[in-house]
Amino acid sequence: MSDRRTPTWADDSELHDEYGYGQQQGQAQGHQQGQQQQGQQQYADNGYPQQNQQYQQSGQQQQHQQQQQYGHGNQQQYAPTDEDQRRYAQQESLRQYAQQAQTRSRVQPTYPPYQEQAHQGGYVTETGSWRFDVHDRTTSYPDQQTYDTYAPYDPYASYTAVEPEAVAEPVVPEPEKPGYTLPPVQESAWAVDTRRSRLLGRGVLLCVMLVQAGLSLRLSGTAFQDEALYIASGHYELANLLHGTKLPVDFAAYFSGHPKLYPVIAAVVDSQFGLTGVRLLSLLFMLGATGLLYSLTRRLFNLRAGLGAAALFSVLQSTMVLGNFATYDAAAVFLLALSAWAVVRTDRMSAAAVLLAAPPAALAFGVKYASGMYLPTLVVLAVITAHQHRGIRALGRGVMLGAGIVALLGIGYFFSGPLGGISSTTTDRAKGTDTAATMLAHSAEWGGLVFLAALGGSIAYALRARMGEMPWLGAETSGRWRRVALGLVLTGTALLAPAYQIHLQTEISLYKHVGFGLLFAAPMAGLGMARLVGPHFRHPQLGILLYVLTLVFGMVQAQRAFSFPDSTQMTTYLSTVVDKKGTYLAEEQEVPAYYLRDKTNWTQWQNSYFMDYRGKDGKQYTGPDAFRQAVRDGKFDAIVMHGSVSPATYEAVKEGLKNNSHYRLAAVFPFTTSSGENAYRIWVKR
């Protein structure tokens, strides 16, 4: 590019005439007149009369104006003023600019002024104009700047573009290769669902489940009252199914679950592996629930939230206890977890796929009627998880799941017959005397940390869908209202069991039922734990602290809840005094009836809760009075009491034994529980 500068004459409008730059003014008069004559002579010789006449007239007019301004010849001496000097400087700049425009052209060759032989029929005049040859009517300018400069003077000018010469690119030397190159790795294996992260997550999950198994197996003891009841009833139910043996009692009338489901399975396992085998079955159910919880939480959120949910759930006191407890609670928890997993897993499939969650949900209700409180949570969860992909059509998915569950329950009820236990143990259970404050305090003690973690996770999730650990990921995030609804449903489910039992004013089995609700709150608790740790494991000590506190509290509470009397010595002694003919009174009669089922029948054992009795005096007695009078009459062949379960009955029995010659105190077997020291006392009929 040329470095030309705008000349000073460009600012003066008087210098722009109709022919371009015009004639120069402001020089001496003689020089100006000679220049004009020379220009007229040149135009006169070009062979164009019409144009020559035009240029001559223009020159004469301009000469006449100059003569009037400066005088004729040397008749009047001219004294230049400041304005004249400025005009002279502009004229000089015009002449220099015209010459430099020609000499600075990149393509057009440079010709010295007044060169007589022009190149290709043209040359530059003294005034900077381009003189073209009359024989060559076309003049080509390969440079845009030169064309713009001389086009006003050359009516035959044309512009011919010339491609610029290629500029060679500088040669950049290749960088030297390093001696060792690190292989590419994921920047955050915890936030990307890759094969490596899945393997890592499964390894950590295996460690969590091993810890869970160890915590459950450390609990030991003889059969608890509920364990003995369900396993023993399962043997009778199994005999009824296989051989048509008449049931000793109608277990369905007072069981809190269908007697032909879990009790039968427990009886089959007990026949081969005993009580230990049935407890191991419960451990497998709880480990399966933990694995399903990890999977569904990872699908809802991410890997870290899934591991957090599984870790916190595995160390709850209810999880530890139910993992070594031969009751149908563990089976019900597993079935609820399986149904929830199926709901979340099929969120992007067709609406009919959600029906896969209906059978385990219906079975959960059949195994334990209290599971029915959590069926609405499954239906709402089906809508929320699919709303992101289906919009308003997700409502149909929830309706389909609810209809499927109701249909299966209706079919089951049709074939099973009356189930009085639903009302007596669940819907219309007798109210107790426990206060709401006591049950709230115990509920907070058993699951307060996990509930707070779930509450924090719900709030954090509502405010922000992701921590922003990997901002380059363009994954679709859920809407805020959906996130709020998910947090409310899952976290709020943990309050169902305490609220219902506060309504019933009874704390019976609350320590187990709390775990049902925390199963649904655990995903939000896992998310809360992940948010507490922060992106890129910024604060791992906070997550470790939460896990350790939950672990310590769970271990202490589980040891306290799993503490019940050791019945080994008691059953061993009773085996020497019972047979198939006698009648026996026992506090927690299910325990000796289970252990001594080969020597006695179920109907030979009388529990300490309720009794109707017609005495030898002909009067009808009920409640504690019935027990008192029956002892006085010597109805029972053996009496086993410790007073912890039925204090009123125990006091009535002691009153009946006073000055009673029918019985003698045969044995006393002390035991220790979390409630303190006590002892089995066995009275045998003389």
Side-chain angles (χ1 to χ4, degrees), residues 221-229 231-233 248-249 254 275 563-686:
T222 57
F224 181 62
Q225 178 182 4
D226 291 345
E227 294 178 300
L229 172 62
I231 298 175
S233 66
V249 294
Y254 66 97
L275 177 64
S563 178
F564 36 82
D566 186 353
S567 60
T568 304
Q569 294 178 321
M570 180 266 292
T571 55
T572 301
Y573 179 80
L574 284 178
S575 64
T576 63
V577 300
V578 298
D579 54 30
K580 291 188 178 292
K581 297 180 181 179
T583 301
Y584 311 103
L585 171 63
E587 196 171 13
E588 300 175 325
Q589 54 91 14
E590 298 87 354
V591 175
Y594 163 69
Y595 281 111
L596 302 174
R597 64 183 180 275
D598 294 335
K599 294 187 175 183
T600 61
N601 295 321
W602 187 266
T603 55
Q604 292 181 254
W605 295 92
Q606 171 65 48
N607 61 42
S608 59
Y609 297 115
F610 181 80
M611 180 180 178
D612 284 328
Y613 175 70
R614 180 177 294 275
K616 292 182 179 180
D617 57 2
K619 295 181 179 180
Q620 186 70 32
Y621 298 93
T622 185
D625 295 335
F627 289 103
R628 185 185 303 110
Q629 189 62 37
V631 171
R632 288 175 178 174
D633 293 341
K635 174 179 176 57
F636 306 110
D637 295 293
I639 300 174
V640 182
M641 301 288 291
H642 57 76
S644 300
V645 177
S646 305
T649 301
Y650 182 60
E651 293 298 328
V653 169
K654 288 196 299 182
E655 292 178 5
L657 290 171
K658 288 181 181 180
N659 302 322
N660 192 329
S661 59
H662 296 293
Y663 298 98
R664 63 180 176 87
L665 183 61
V668 176
F669 300 107
F671 60 84
T672 302
T673 64
S674 58
S675 301
E677 295 182 355
N678 206 334
Y680 282 109
R681 290 172 173 82
I682 302 176
W683 289 271
V684 180
K685 192 174 183 180
R686 296 178 187 272

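Because the structure is predicted, anything quoted here is derived from the model rather than measured.
Pro670 and Ala679 make their closest contact through CA-CB, 3.5 Å (heavy atoms, listed as atom of the first residue, atom of the second, distance). Here the closest heavy-atom approach between residue Val631 and residue Tyr663 is recorded as O-CE1, 3.4 Å. Counting all heavy atoms, side chain and backbone alike, His642 lies closest to Ser644 at ND1-N, 3.1 Å.
The side-chain contact (heavy atoms from CB on, under 4.5 Å) check on Pro248 picks up Tyr236, Phe251, Trp602, Thr603, with sequence neighbours excluded. A search for side-chain contact (heavy atoms from CB on, under 4.5 Å) contacts involving Gln225 returns Glu588, Glu590, Tyr609, not counting sequence neighbours. The side-chain contact (heavy atoms from CB on, under 4.5 Å) test applied to Arg614 returns Gln620, not counting sequence neighbours. The ring-ring contact (aromatic ring centres under 6.0 Å, His included) search around Phe564 returns Phe224, Phe562, not counting sequence neighbours. Here Tyr584 pairs with Trp605 under the ring-ring contact (aromatic ring centres under 6.0 Å, His included) rule; sequence neighbours left out. Listed by chain and number, the residues in a side chain to side chain donor-acceptor pair (under 3.5 Å) with Asn660 amount to none (sequence neighbours excluded). Taking Glu587 as the reference, nothing meets the salt bridge (Lys or Arg N to Asp or Glu O under 4.0 Å) condition, with sequence neighbours excluded.
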Pair up each side-chain donor or acceptor in residues 570-578 with any protein partner under 3.5 Å, not counting sequence neighbours, and list the distances.
residue: Thr571; atom: OG1; partner: Ser567; partner atom: O; Å: 2.9
residue: Thr571; atom: OG1; partner: Thr568; partner atom: O; Å: 3.1
residue: Thr572; atom: OG1; partner: Thr568; partner atom: O; Å: 2.7
residue: Ser575; atom: OG; partner: Thr572; partner atom: O; Å: 2.5
residue: Thr576; atom: OG1; partner: Tyr573; partner atom: O; Å: 2.4

Donor-acceptor contacts under 3.5 Å from residues 652-659 side chains, at least two apart:
residue: Glu655; atom: OE1; partner: Arg628; partner atom: NE; Å: 2.8
residue: Glu655; atom: OE1; partner: Arg628; partner atom: NH2; Å: 3.4

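The line from CG of Leu229 to OH of Tyr254 is 5.0 Å long, rounded to the nearest 0.5 Å. Rounding to the nearest 0.5 Å gives a distance of 7.0 Å between CG of Asp617 and CG of Asp633. Atom-to-atom distance recorded for Thr600:OG1 and Lys580:NZ is 6.5 Å, nearest 0.5 angstrom. The CD1 atom of Ile639 sits 10.0 Å away from atom NZ of Lys685, with the distance rounded to the nearest 0.5 Å.
Judged purely by distance below 3.5 Å, without hydrogens or angles, the side chains of Asp625 and Gln629 never pair a donor atom with an acceptor atom. Side-chain contact, Thr649 with Ser608: no donor N or O sits under 3.5 Å from an acceptor N or O.
Of the possible polar contacts, one joining the Asp579 side chain to the Lys581 backbone as a donor-acceptor pair under 3.5 Å is found. Under a 3.5 Å cut-off, the side chain of Tyr594 and the backbone N or O of Glu227 do not form any donor-acceptor pair. Of the possible donor and acceptor atoms, one in the side chain of Asp637 sits under 3.5 Å from a partner among the backbone N and O of Thr583.
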Legend entry - Candidate pair Trp683 and Leu585, rule side chain to side chain contact (heavy atoms under 4.5 Å, CB included), full reasoning: CA-CA 10 Å; Trp683 289 271; Leu585 171 63; over 6 Å; no
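Listed by first and then second residue, the ring-ring contact (aromatic ring centres under 6.0 Å, His included) pairs that reach into residues 611-641 come to none, sequence neighbours excluded. Among residue pairs with one or both ends in residues 665-677, none qualify as side-chain hydrogen bond (donor to acceptor under 3.5 Å, both in side chains); sequence neighbours excluded. Among residue pairs with one or both ends in residues 591-601, those qualifying as salt bridge (Lys or Arg N to Asp or Glu O under 4.0 Å) are Asp270-Arg597; sequence neighbours excluded.
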